[in-house]
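Each chain gets a letter, A, B and so on, in the order the sequences are listed, and its residues count up from 1.
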Amino acid sequence: MAETVEIRWHGRGGQGTVTAAKVLADACLSGGRYVQAFPEYGPERAGAPLRAYNRVASKELRMHCPVLEPDVVTVVDATLLDSINIAEGAKDNTAFVINTTKDPKEIRAKLKAGPKQRVVTVDATKIALDCFGRAMPNSPMLGAVCKVTGLISIDHLLDDVRKSFGKKFSQKIIDGNIEATKRGYEEVKEG
Amino acid sequence: MATTLTLKELSKKEDRFTHGHRMCSGCGAPIVVKIALMATDYPVVISNATGCLEVSSCISEFTAWNVPWIHTAFENAAATLSGVETMYRSLKKQGKMDREVKFIAFGGDGGTYDIGFQSLSGAMERGHDMIYICYDNGAYMNTGIQRSSATPLGADTTTCPAGSVIPGKLRSRKNLTKIMAAHNIPYVAQASPSHWQDFAKKVQKAHEIKGPKFINVIAPCNRGWRSKTNDAILLSRLAVNTCYWPLYEIENGTTKITVTPKQKLPIVDFLKPQGRFKHLFSPENEGLLTQVQDEIDREWEKLLKEAKTD
Amino acid sequence: MAKVVAVTGNEACANALRQVNPDVCGIYPITPQTDMMQRFASYIADGKVDTESILVESEHSSMSACIGAAAAGGRVVTATSSQGLALMWEMLHIASGDRLPIIMPVVNRALSAPLNIHGDHSDAMGARDTGWIQLWSENGQEAYDNTIQAFRIGEHMEIRLPVMVCLDGFIISHSIERMEYLEDQEVRDFVGPFKNFLPLLDLDKPKSYGPLILTDLYHEYKRAQHEVMTKVKDVVLDVAKDFEKLSGRKYGIFETYRLEDADIAIVILNSAAGTTKDVIDEFRDKGIKAGLLKPRLFRPFPFEEVAEALKHVKAVCVMDRADSFGGYGPLFMEVASALYPLERKPLLLNKVYGLGGRDYLPSHAAQVLTELHDISRSGKVNVLKEYIGVRE
Amino acid sequence: MKPKGWKDLPPGSVVLEGGSAAKFKTGSWRAFRPIWKDENCIQCLFCWIYCPDMAVKVKDGKRGDFDYDYCKGCGICALECPGKKGQKAIVMTEEGK
């Protein structure tokens, strides 16, 4: 792992994007790592575009400002691709993880991604609907990010999803989210 | 056992509010405090809003209070006492306190009707076990007789002076007693120092009821009312007998008039001895005077209808 | 045994309060503090603490009730932000004047108008003259540690003063970070049982709190209050020493970073200090001797120690996340006062940054360090007070 | 008595002695002096309950004389005194006459 991995999440209010960033931070805590997860706050409510961030590092994280040059950009809602510049500040080797039904090649073309930039897609909304009947793509996106970054093992992540969701939801929803996370991990497509 | 409410029995009790306080000569407020504390047989903790009573009763090293007393600011006697009462409950729960303690807040009308209204309303809604006693002298007397929302219609104060164009206060008093009743607290009452036994009984009764209680007590101020130094009791009695200040209580939503005047006197009997109403007796203000009487009649009739007939 | 967790600053403070298990807590919502007291309320609801809450109708009543509860005799906490702290202003003076050790995390946020919910220091800086001890925290870990230490400091029998623990709104209050929790019992043992001092509920010795004091003694009372503040520093250091034994984490009255041999330095509070440290490392890598001083104890302000720590530096920029309109930033005023008695003083400048949550970026720190580097060579300060990160 | 310096003050300005106002004599405020006439007194104790200054001494339920250390001379007692057969038990006289 690089010394610090910085992730920027793009989503809309109500899609569980902030929760995803939090679960990821918690899961990355193991092995003495330092983590941060923080959303950008405004008065916006459900539906409004929002950003959240993660930093994961092997040494103490002192930086307290938004991620400006993300190693990973995660887009939880593909419709955002048309409305905001999700590639802002991206580095030569930034990886994009996009929730979309489209083919990664199509997305790569749309983003005009560079040769070292990875473009990964996953149909997270469909997975979420399949697994627990709600269009909450955050858990499959977590699985996808886990696969792309290799920050933690999928088993470890699933444990954390169980722990985090267990506080608020019924067993059925927890099981659905576990399944969705696993499928997100497995069904990523790169191109 | 509560002390029998005879003056002979009460006089045997130790003064919990002592002489040496610096209220004006003939002030009604210390009489209110004295009666309330005499009617309290329990250990009691007092919270006091900034005002005449507070500044005159505890100065430098001298305190007239022989019971625990706290003053913090003007608008928060109820909130401050909420804290004291909550700590008491906490310590009791932890076994660090075993005595039964009662809590009383005193505030003037400025500190109760106006600036302290939010804090009072909040404390009552939260259900703290306390009696809030307002000594209502109908203006900000401590700062020099400025109008409050308890200032009666037509009164001359330094901020609503009776001038050549405006004849004193043009608005009626806020009916705080009724507003407190609307909080649906278990006990609300109106009292007067002139009717010491009625007042003492209300305090005794309130102490036996768990939860928030409110008692509004008229407290003549001879400086602000521009009357004589010897007429605090006379005027508070006239306030009752003119039905300007009816004595009643609302216990668990049931209204009861506790003292019905033998003969309802005209309001001018109450107004006349007070310099603050002098201008109402000029011919051009006759309409205002009638308005004052009409309002009192209307309120009294309303109260009679609300009250349970024994 | 310490437990490693990933939690928000608000959650960490709420947990510290849970571990201390105070007697009474005043609760009122205000962004970005809300979540802290909400969590504490659920600890109460779940029986995880013995605390009695007072669900007040305003911050003014919250502080009033806390004062009543503390005077009654027991351990009292609350928390607030921004307008809430402003509404408490009158009562803050009464809490300290009555010498009541109320502990209050303040989640720093800008003040209206215009309305803004984001992190800056205007609220706590506005309360700096209220007689409260102020501890400032760079991150969630420090906020947690400071909250625990605050009880020992405020309740010290020589001190008996209220303490604010300041942490940046959202940036820290809502960010999840890795931190270490102490065990509940460790915290309880560290803080110890509450010691009473002149409790109002001592029914057999009736006391009067809050007398009227006129020209005869008021001046003397305030002089006495200042005297107490002069003792705070040593207590803070003693408590920090004990805390280090327990946690392994070292605290002082301020933190210095690569300052010992620095030619240029930034003085900055709270979360922005961390960002600045990373940039200082970059400048050091380029051979520029940059350093940092991050105050922890802002009230009382350790003037002599700050002067001693900065006296060898050629140029210092004091960065304020609050303004005093028509004056210098509040932190600048303190540092300038601290340096004034020195014969050879560093060159000094003041930058106002990050108001209303405007991001403080590494590029801002770099800009300031570059300017300081130039000043250290030219010996000339062009503009003494300036705003950075502001659009022209 | 030497006025207190700042080192002599109780912390937090708390007044430690309950009822200490009794040390502050307000009798000097008085312009009119109430005189109690035992022979007209029916021991109703109205003067005692209505006195704003706790300046009427009562022992074992029996009215004694005024406590002139504290009486401010407001005259409430005299006005409220029912007396005996139309004869007041309290009369006000000008102080110093």
Side-chain angles (χ1 to χ4, degrees), chain B residues 16 22 42-48 50 54-94 96-97 99 101 103 105 115-116 118-128, chain C residues 21-26 28 50-76 78 90-91 93-95 97-98 100 102 193-194 196 198-218 220-221:
Chain B
R16 290 169 137 192
R22 303 181 210 186
Y42 298 89
V44 64
V45 179
I46 308 295
S47 165
N48 202 168
T50 307
E54 173 270 322
V55 299
S56 310
S57 65
C58 187
I59 307 180
S60 293
E61 292 159 278
F62 300 110
T63 179
W65 301 88
N66 212 358
V67 290
W69 178 88
I70 183 167
H71 154 253
T72 63
F74 193 7
E75 66 281 54
N76 60 356
T80 304
L81 197 59
S82 299
V84 180
E85 187 262 356
T86 305
M87 183 57 79
Y88 163 73
R89 271 189 287 118
S90 169
L91 297 178
K92 215 165 181 196
K93 188 175 72 179
Q94 296 174 57
K96 293 176 182 168
M97 168 69 86
R99 288 161 77 177
V101 181
F103 298 89
I115 198 169
Q118 175 184 314
S119 138
L120 168 63
S121 177
M124 297 286 117
E125 183 275 332
R126 288 192 298 274
H128 295 281
Chain C
N21 192 18
D23 298 310
V24 170
C25 175
Y28 195 76
D50 304 314
T51 313
E52 288 287 332
S53 63
I54 312 181
L55 307 176
V56 282
E57 81 297 334
S58 73
E59 286 91 354
H60 191 284
S61 283
S62 184
M63 189 42 63
S64 302
C66 284
I67 288 169
R75 192 169 266 155
V76 180
T78 185
E90 171 192 41
M91 300 315 296
H93 287 263
I94 295 171
D98 283 351
L100 302 170
I102 297 160
F194 182 79
N196 256 319
L198 306 180
L200 189 67
L201 282 173
D202 179 1
L203 302 165
D204 300 323
K205 288 187 205 123
K207 283 172 273 290
S208 289
Y209 265 82
L212 170 69
I213 306 276
L214 296 171
T215 49
D216 55 346
L217 278 172
Y218 183 85
E220 281 70 26
Y221 271 110

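Partners of C/Tyr209 according to the ring-ring contact (aromatic ring centres under 6.0 Å, His included) rule, which considers only residues two or more places apart in sequence or in another chain, do not exist here.
The most heavy-atom pairs under 4.5 Å with chain B, out of C/Leu203, C/Val76, C/Ile94, C/Asp204, come from C/Leu203. With chain B as the partner, the residue from C/Leu214, C/Val56, C/Asp216 showing the most heavy-atom pairs under 4.5 Å is C/Val56. Chain C forms more heavy-atom pairs under 4.5 Å with one residue of B/Ser60, B/Gly122, B/Ser82 than with any other, namely B/Ser60. Across C/Ser61, C/Ala70, C/Ser53, the residue that shares the most heavy-atom pairs under 4.5 angstrom with chain B is C/Ser61. For the set C/Ala69, C/Ala95, C/Pro211, the entry with the most heavy-atom pairs within less than 4.5 Å of chain B is C/Ala69. Top candidate by heavy-atom pairs under 4.5 Å with chain C, chosen from B/Val45, B/Ile70, B/Thr50, is B/Ile70. Comparing B/Glu75, B/Glu54, B/Met97 by heavy-atom pairs within less than 4.5 Å of chain C, the highest count is held by B/Glu75. Annotation: maximal heavy-atom pairing with chain B below 4.5 Å, among C/Ser58, C/Cys66, C/Gly210, occurs at C/Gly210.
With a 4.5 angstrom heavy-atom cutoff, C/Ser62 does not touch chain B via any of its atoms. Proximity to chain B (any heavy atom under 4.5 Å) is restricted, for C/Met91, to the side chain, taken from C-beta onward. Looking at B/Ile59, the atoms closer than 4.5 Å to chain C (heavy atoms on both sides) sit in the backbone and in the side chain alike. At a 4.5 Å heavy-atom cutoff, the contact between B/Gln94 and chain C is made by side-chain atoms alone. For a residue to count as touching a neighbouring chain, one of its non-hydrogen atoms must lie under 4.5 Å from one of that chain's; by this rule B/Val55 touches chain C with backbone and side chain alike.
Distance alone, capped at 3.5 Å, is enough to place a donor-acceptor pair between the B/Ser119 side chain and the B/Ala79 backbone. A side-chain donor-acceptor contact under 3.5 Å links B/Lys93 to the backbone of C/Asp50. A donor-acceptor contact shorter than 3.5 Å is absent between the side chain of B/Thr80 and the backbone of C/Gly68.
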Please evaluate residues B/Asn76 and C/Met63 with respect to the criterion side chain to side chain contact (heavy atoms under 4.5 Å, CB included), reporting the C-alpha separation (whole Å), side-chain torsions for both, the decisive distance (0.1 Å), and the verdict. CA-CA 10 Å; B/Asn76 60 356; C/Met63 189 42 63; over 6 Å; no
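The CH2 atom of B/Trp65 lies 9.5 Å from the SG atom of B/Cys58; values are rounded to the nearest 0.5 Å. Between atom CG of residue B/Leu81 and atom CG of residue B/Leu120 there is a gap of 11.0 Å, rounded to the nearest 0.5 Å.
The neighbour count for B/Tyr42 OH, taken as heavy atoms of other residues, nucleotides or ligands under 6.0 Å away, is above 12.
The shortest distance between side-chain heavy atoms of C/Glu59 and C/Thr78 does not fall below 4.5 Å.
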